[in-house]
Amino acid sequence: MSGITLADWLRAQDDVALVALLRARPDLATPPPADMSVLATRVGTRASIARACEDLDTFTLAVLEALVVQGADAGPVALPTLAQILGPDVKPRPLKQAVARLRSLALTWGDDDALSVAPLTREAFGSYPGGLGRGTGQTYDLSGVTEGEQRVLRKLAAGPPIGDTKDASRVVPLEKAETPVQRLLARGLLLRRDPGTVELPREIALELRGDRPLGPIQVNEPKPRTTALQQRSVDATGAGEALELVRHVENLIASWSAEPAPVLRTGGLGVRELRKVVKDLGVDERRAALLIELVVGADLAANTEAAEPEWVPTTKADVWLAATTEVRWATLAHAWLDLPRLPALVGRRDEKDKLFNPLADEIRRAQAPRDRRWILEALGAFPKGTAMATPADLAAVLGWRAPRRGGRQRDELVRWTVEEGTAVGVLALGAITSAGRVLLDEGPGHAAKSLGDALPAPLDHVLVQADLTVVAPGRLEPDLADELALVANVESAGGATVYRISEATVRRAFDAGRTADELQELFKTRSRTPVPQSLSYLIDDAARRHGRLRGGTAGSFLRCDDPVLISEVLAHPEAGRLELRRIAPTVLVSPLPLADVLDGLRSAGFAPAAEGPDGQVLDLRPGGRRTTPRQRSARNPVSPAVPADDRLGELVRLVRAGDRAAATPRGERISVPGHLGAGPSATLSLLQQAARARRSVLVGFVDSHGTAAQRVIEPHVVGGGVLEGYDHSYGEVLRFPLHRITSAALVDEA
């Protein structure tokens with residue numbers, strides 16, 4: 001039987017079904033289609049069909065391919081015929097569910113006895129859908145086929161149906177045929193496409209394939225191997241990774257503040273700079289690449305784009321450093337989730353053997369955020385505390401759900417996402433954390449709160465050891481962490497952080513304005529273990545030496561109550577390079593900046609301190625380089641954004657109104673040439689005539705999107721640059737600027 005056209009089928013659908021279609025295929029709504037014929041044309045375009053196929057599971061895709069194999073792009077196909085080619089493994093219920101899914105996407109339409117697909121659907125399955133060749137409409141007799149000929153036929157029947165052979169270079173009669181291919185060609189069981197290629201007719205392939213013409217079809221999703229875990233364990237492990245991530249990013253910002261990394265001429269970061277980050281942070285290259293991409297992706301560092309560009313922390317980095325640990329983590333996790341790049345490619349080489357560098361354009365992938373969310377949402381769909389046994393199990397599930405997503409790197413992409421998600425703290429032990437689940441569903445603000453609930457309460461104490469190390473058995477309160485970072489260096493990090501105190505770190509604290517009494521009090525009140533005498537002696541000894549020399553800004557000056565020490569400084573060889581000269585028994589001056597003078601004296605073994613105009617110690621440590629944040633360009637969406645349902649409902653009404661306008665019989669018509677003759681005045685006259693006679697008018701206009709459309713309007717008011725009238729399709733009064741109207745025609749009352 002003849003089938004219904006796609007446009008007519010769409011017209012017969014209710015508004016709910018059309019809204020669901022536009023929600024599932026948002027590319028159809030941009031720009032808004034003028035009428036149902038335009039919508040039907042878009043539904044059948046090559047790009048839109050390919051995009052819709054990306055969301056189909058393996059079985060539904062097989063059903064669509066079977067429709068193409070059965071020729072539904074040329075004429076309607078009945079459901080029983082479709083079931084027959086799919087084979088006995090496919091039961092009626094899943095088949096009907098798959099067809100309903102295809103109908104909801106308008107990839108097929110019509111009743112069960114007359115299913116059709118758009119002609120360009122065939123191109124979505126390559127040159128040979130189902131691995132089958134062209135049909136000839138003939139019946140073939142395979143009796144008398146030799147074993148050698150049978151092997152050729154079975155190989156081509158398995159697909160693809162074409163083969164390269166020199167035996168097709170000439171056609172010979174059967175009695176002169178010497179090879180299996182020549183005999184098959186002579187008997188018409190193979191088709192000669194050109195002198196080097198043969199093709200197996202579809203009818204023969206279907207006969208050889210038996211009762212499963214399209215081969216084994218995986219109807220159901222594979223069951224992955226999973227492990228049950230306590231969600232508390234997952235969250236605690238993820239929280240530990242989150243703390244480690246924040247610490248490493250802090251160190252990277254500090255490193256680039258002191259010594260920005262140069263930008264390669266081709267963009268990105270060089271191998272030498274990557275290895276420096278590896279050394280400074282104590283991580284491997286994969287993690288270093290991820291950290292670098294995150295810092296730039298979160299806009300905490302940027303290319304200065306100067307004559308000699310460098311990667312420098314932005315002013316946003318200072319805001320980030322001042323935030324709580326949870327907020328800092330949420331900023332980084334959200335940046336990773338939306339990162340349009342694949343950090344895992346760093347260190348690999350492309351087809352031309354070119355190395356992928358961090359921050360290079362070559363590792364940009366517009367689809368990365370969509371695929372990353374897709375993988376994480378698959379993990380998030382499992383019950384809380386359920387971990388996937390291996391990334392390969394997850395890849396198998398996703399491969400069935402959307403075999404056309406991810407491309408050739410799909411399985412690797414799953415593994416990379418699991419590894420990166422674990423490093424970021426969104427995943428842990430193969431399961432999604434509570435904070436990661438909230439990040440996906442509710443955004444970074446709520447995710448920060450969720451992580452805060454999982455983090456252990458910050459500690460207000462440390463453990464000072466006799467070897468001048470300090471152990472922080474967990475996360476410290478912010479003020480204690482800042483003080484400890486000032487007076488000690490991190491020696492090792494993990495569940496417990498070990499700090500090392502030395503004379504240099506104590507001097508650093510003094511340079512920042514701390515006094516010996518304050519440091520003694522810090523360790524006395526914050527250590528749960530007795531403060532060793534060696535630490536007290538170290539602080540007191542450094543304090544006695546620190547600040548005996550005082551520097552100020554003249555260019556700069558040095559003062560000391562002990563003239564002997566002043567003489568010792570002046571006699572040192574470094575004094576000449578620093579251009580020091582005595583202006584009083586206890587005062588030296590230099591034209592160099594104070595910071596340079598103090599650094600030079602410290603390298604010579606002295607321990608000077610800086611002072612301000614009031615005589616108080618100044619902290620002259622550099623604050624670090626900063627650049628302005630980059631203005632983020634709107635990311636090109638990998639797929640059109642899905643409008644809200646009310647907007648889609650409005651669009652459906654527009655399409656139906658356009659349909660009514662297209663079907664309206666027209667009487668007297670006036671077009672507006674835009675710049676010639678009396679078109680605008682004639683149009684205005686016709687509209688005013690229609691308003692007086694209470695006749696409907698078919699109005700052509702250009703909407704705010706620049707799209708041409710038509711509406712049937714009953715004019716009420718024409719003037720003041722506006723046409724106001726009642727649209728029966730809308731059931732309401734609409735207003736049109738007269739300058740947007742391109743044509744007007746009286747509706748034929750006959």
Side-chain angles (χ1 to χ4, degrees), residues 245 247-318 320-321 331-332 335-369 371-372 407 409 412-413 416-417 419-420 423-424 622-636 638:
L245 174 72
R247 184 180 70 85
H248 282 148
V249 171
E250 288 174 354
N251 292 341
L252 179 56
I253 291 173
S255 175
W256 279 4
S257 295
E259 189 177 348
V263 179
L264 293 176
R265 284 181 297 176
T266 56
L269 191 75
V271 174
R272 184 173 58 183
E273 285 70 32
L274 174 62
R275 290 174 180 167
K276 182 179 184 301
V277 172
V278 168
K279 181 179 178 182
D280 291 346
L281 272 59
V283 297
D284 59 29
E285 286 195 4
R286 287 180 66 85
R287 185 173 180 87
L290 175 61
L291 293 170
I292 290 167
E293 291 285 348
L294 282 181
V295 166
V296 175
D299 211 14
L300 303 180
N303 183 343
T304 58
E305 299 180 359
E308 296 184 0
E310 296 174 312
W311 295 107
V312 176
T314 68
T315 52
K316 283 187 179 180
D318 296 317
W320 183 85
L321 290 168
T331 300
L332 297 172
W336 172 71
L337 198 60
D338 288 343
L339 190 67
R341 305 174 62 78
L342 288 180
L345 289 176
V346 173
R348 294 178 170 237
R349 294 184 179 274
D350 62 11
E351 297 82 0
K352 298 180 180 178
D353 201 37
K354 180 182 177 182
L355 187 69
F356 288 120
N357 291 322
L359 305 177
D361 286 341
E362 288 79 6
I363 66 172
R364 184 177 181 84
R365 298 290 185 276
Q367 301 278 1
D371 292 340
R372 200 173 285 126
Q409 292 181 326
E412 284 187 306
L413 186 64
W416 294 340
T417 301
E419 290 175 354
E420 291 176 4
V424 171
R625 290 271 306 279
R626 291 292 183 266
T627 188
T628 55
R630 300 278 76 82
Q631 289 291 336
R632 292 198 178 194
S633 58
R635 291 190 181 120
N636 294 325
V638 296

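The basis for the numbers below is simple: all heavy atoms, side chains too, and nothing from hydrogens, waters or symmetry mates.
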How many angstroms lie between atom [atom1] of [X] and atom [atom2] of [Y], to the nearest 0.5 angstrom?
X    : Y    : atom1 : atom2 : answer
R341 : D361 : CZ    : CG    : 6.5 Å
L300 : L321 : CG    : CG    : 8.0 Å
L281 : L291 : CG    : CG    : 6.0 Å
L339 : R364 : CG    : CZ    : 9.0 Å
L245 : L290 : CG    : CG    : 7.5 Å
D299 : T314 : CG    : OG1   : 5.0 Å

Side chains of [X] and [Y], heavy atoms from C-beta outward: is any pair under 4.5 Å?
X    : Y    : value
D371 : R365 : no
L294 : V424 : yes
W256 : D280 : no

| Which residues pass the side-chain hydrogen bond (donor to acceptor under 3.5 Å, both in side chains) test with R348, sequence neighbours left out? |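 R348 satisfies side-chain hydrogen bond (donor to acceptor under 3.5 Å, both in side chains) with E412 only.
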| note | For E285, the side-chain hydrogen bond (donor to acceptor under 3.5 Å, both in side chains) test, sequence neighbours excluded, returns none
Can you name the nearest heavy-atom pair linking [X] to [Y], along with the distance?
X    : Y    : value
L345 : F356 : O-CB, 3.3 Å
W311 : P262 : CD1-O, 3.8 Å
L355 : V271 : CD2-CG2, 3.6 Å
P309 : T304 : CA-OG1, 3.4 Å
W336 : T417 : CZ2-O, 3.9 Å
P343 : I363 : CA-CD1, 4.5 Å

Once side chain to side chain contact (heavy atoms under 4.5 Å, CB included) is applied, do any residues pair with [X], and if so which ones, sequence neighbours excluded?
X    : value
T331 : A298, W320, V327
D353 : R349
A289 : V346
R247 : E244, N251, V490, A493

[X]: salt bridge (charged side-chain N to carboxylate O under 4.0 Å, His left out) partners, not counting sequence neighbours:
X    : answer
E273 : none
E420 : none
R286 : E419

| request: Check for a donor-acceptor pair, side chain of E310 on one end and backbone N or O of N303 on the other, with a separation under 3.5 Å. | output: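 Side chain of E310 to backbone of N303, a donor-acceptor pair under 3.5 Å: no, none is there.
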| task | Among residues two or more places apart or on two chains, list those pairs meeting salt bridge (Lys or Arg N to Asp or Glu O under 4.0 Å) that have a residue in residues 252-264. | result |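 Pairs touching residues 252-264 that pass the test: E259-K276.
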